[in-house]
Amino acid sequence: MNHIFDTDKAIYPFPAKPAPLSEDEKAFYCAKIKKLLKKKNAVLVAHYYTDPEIQALVEETGGCVADSLEMARFGNCHPASTLLVAGVRFMGETAKILNPEKRVFMPTLNAECSLDLGCPADEFSAFCNNHPDRTVVVYANTSAAVKARADWVVTSSIALELIEYLDSRGEKIIWAPDRHLGRYIQKKSGADMLCWQAACIVHDEFKIQGLIQMKTLHPNAAILVHPESPEAVIEMADAVGSTSQLIQAAKTLPQKKLIVATDRGIFYKMQQACPDKALYVAPTAGEGATCKVCAHCPWMAMNGFKAIAEGLEQGGLMHEICIDDTLRQQALVPLNRMLDFANRLKLPTSENA
Ligand code: 13P
Ligand code: SF4
């Protein structure tokens with residue numbers, strides 16, 4: 001029996017889109033950010049889903065644009081004393097848990113994730129208590145408190161390998177929070193998994209009917225899908241994987257047209273990786289449906305130039321990640337297990353992919 005979290009009925013506090021900046025304003029904030037990075041001995045770390053102009057600034061200033069696993073690894077290896085994490089809150093929290101000696105700022109602490117919101121720590125902990133014989137594996141897209149309750153943290157780039165490993169040791173698993181990723185891994189591994197039923201509001205919107213129509217229009221296109229997408233969409237895929245794995249697949253697949261079912265922020269790095277290919281966003285509005293977020297995470301979109309400059313300049317309650325030390329040490333255990341496991345797998349990093 002799965003734990004039912006009714007994602008379809010959940011109401012998320014979608015943020016307002018940041019006000020668009022003029023070219024002069026953008027230049028002003030970029031110059032300011034560059035100065036502040038030097039002054040504060042800081043470096044920018046951003047997810048592939050942030051807006052292209054943000055990713056370009058991160059590259060220009062020697063920061064890191066990556067998937068959630070690599071973002072977590074980066075802070076550990078970089079000498080800067082301050083990390084400015086452009087992403088959603090769980091990414092900033094992960095950076096702080098792994099780097100307590102560093103200050104971790106975010107453009108806004110209100111950048112949520114529907115998976116994190118869909119898995120409240122008290123409910124989840126009660127659920128785990130009802131199944132004490134199961135190993136608790138949680139996705140990185142969760143709060144520090146949920147991580148603290150887990151045996152393992154995992155990102156989508158190593159989730160299947162980890163579950164196969166635990167299954168080979170005869171362990172029964174609780175998986176949380178993403179229902180589509182959980183079902184995908186369960187089907188692939190055959191493991192005994194009890195899955196929490198939250199969903200990503202971005203990937204949940206990809207529509208099979210629209211995808212079939214698009215494939216008819218572009219029969220030679222390859223379909224690339226993030227495993228937080230619905231089952232029928234995953235079944236159409238030529239490649240299924242985390243954001244970094246999808247960029248890698250875009251490079252290596254022979255097709256010149258790619259239909260991509262993940263946040264369109266990824267197009268910036270994907271197009272760099274294969275400049276000769278045409279990229280199409282997978283449809284989010286099938287027949288009779290309307291998209292609310294339309295393949296761009298509204299919380300990732302909060303990471304604008306102005307907010308980054310304010311985060312670096314002001315810190316404080318609005319921008320700095322602070323985690324109670326006892327909770328941090330509890331959450332560190334499953335996070336370190338994830339990093340050790342990833343190191344043993346010797347996954348490519350964005351530098352050597
Ligand atoms: P990745 O771990 O693939 O970067 O995904 C993070 C995420 O938030 C997907 O929606
Ligand atoms: Fe969360 Fe989905 Fe946004 Fe990723 S894209 S941060 S899973 S809401």
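Reckoned from all heavy atoms, side chains included, excluding hydrogens, waters and symmetry mates. Worth saying up front: this structure is predicted, and the values here are computed from it rather than measured. Start at 1 and go down the list; that is how both ligands and their atoms are numbered.
In summary, the atoms of ligand 1 found under 4.0 Å from a heavy atom of Thr243, numbered by their order in the structure, are 1 (P), 3 (O), 4 (O). Near His47, meaning under 4.0 Å from any of its heavy atoms, are these atoms of ligand 1: 1 (P), 4 (O), 5 (O), 6 (C). Less than 4.0 angstrom separates some heavy atom of Asp67 from each of these atoms of ligand 1: 4 (O). Atom numbering of ligand 1 starts at 1 in the shown order; those under 4.0 Å from a heavy atom of Ser156 are 1 (P), 2 (O), 3 (O). For ligand 1, the atoms lying closer than 4.0 Å to a non-hydrogen atom of His203 are 10 (O). Near Leu115, meaning under 4.0 Å from one of its heavy atoms, ligand 2 places the atoms 7 (S).
Lys96 and Glu93 are not joined by a salt bridge, as no carboxylate oxygen comes within less than 4.0 angstrom of a charged side-chain nitrogen. For Asp192 and Arg134, the salt-bridge test passes: some basic side-chain N is under 4.0 Å from an acidic carboxylate O. A salt bridge links Lys34 to Glu60: one of the charged nitrogens lies within less than 4.0 Å of a carboxylate oxygen. Residues Asp340 and Arg337 are not paired through a salt bridge, judged by the lack of any N-O separation under 4.0 Å between the basic side chain and the carboxylate. Here Glu235 pairs with Lys187 in a salt bridge; the nearest charged N to carboxylate O distance falls below 4.0 Å. Here Lys306 does not pair with Glu25 in a salt bridge; the nearest charged N to carboxylate O distance is not below 4.0 Å. Ion pair Glu228/Arg179 not flagged as a salt bridge, since none of the NZ, NE, NH1 or NH2 atoms sits closer than 4.0 Å to an Asp/Glu carboxylate oxygen.
Both Phe90 and Leu327 are assigned to one and the same hydrophobic cluster, defined by single-linkage of ILVMFWY side chains at heavy-atom distances under 4.5 Å.
At a heavy-atom distance under 4.0 Å, only side-chain atoms of Glu228, from C-beta outward, approach ligand 2. The side chain of Asn141, and not its backbone, has at least one atom closer than 4.0 Å to an atom of ligand 2 (non-hydrogen atoms only; side chain from C-beta on).
Of the candidates Ile266, Asn141, Asp263, Leu115, the one placing a heavy atom closest to atom 8 (O) of ligand 1 is Asn141.
Shortest contact from atom 8 (S) of ligand 2 to any protein heavy atom: Ser114 N, 3.6 Å. Considering only non-hydrogen protein atoms, atom 2 (O) of ligand 1 sits nearest to Ser68 OG, 2.5 Å. Protein heavy atom closest to atom 1 (Fe) of ligand 2, with residue, atom name and distance, is Cys113 SG, 2.3 Å. The nearest heavy-atom contact from the protein to atom 2 (Fe) of ligand 2 is Cys200 SG, 2.3 Å. Here the heavy atom of the protein found nearest to atom 10 (O) of ligand 1 is Glu228 OE1, 2.9 Å. Of the protein's heavy atoms, His226 NE2, 3.5 Å lies nearest to atom 5 (O) of ligand 1.
Using a non-hydrogen distance threshold of 4.0 Å, Gln245 does not register as a contact of ligand 1. Heavy atoms of Ser157 stay at 4.0 angstrom or farther from ligand 1. Ligand 1 lies within reach of Tyr49, whose nearest heavy atom is under 4.0 Å from it. Under a 4.0 Å heavy-atom criterion, Val88 is in contact with ligand 2. Remark: distances from the non-hydrogen atoms of Met71 to ligand 1 are all 4.0 Å or more.
When only interatomic distances are considered, the shortest N/O to N/O separation between Ser242 and ligand 1 does not fall below 3.5 Å. Considering backbone and side-chain atoms together, Tyr139 places no N or O closer than 3.5 Å to any N or O of ligand 1.
Separation of atoms CZ (Phe14) and CH2 (Trp299) is listed at 5.5 Å; rounding is to 0.5 Å.
In this pair, Phe74 and His78 present their aromatic rings tilted. The plane angle is within the 30 to 60° band. The aromatic rings of Trp196 and Phe124 sit perpendicular, their planes meeting at an angle over 60°, well past the 30° parallel limit. By the 30° and 60° cut-offs, the orientation of the rings of His203 relative to Tyr49 is tilted.
At most 12 heavy atoms of other shown residues, nucleotides or ligands fall within 6.0 angstrom of atom CG in Leu317.
Closest of all the heavy-atom pairs between Leu258 and Ala250 is CD1-CB, 3.6 Å.
Note on Cys297: not counted as a metal contact of atom 1 (Fe) of ligand 2, no N/O/S atom lying under 2.8 Å.
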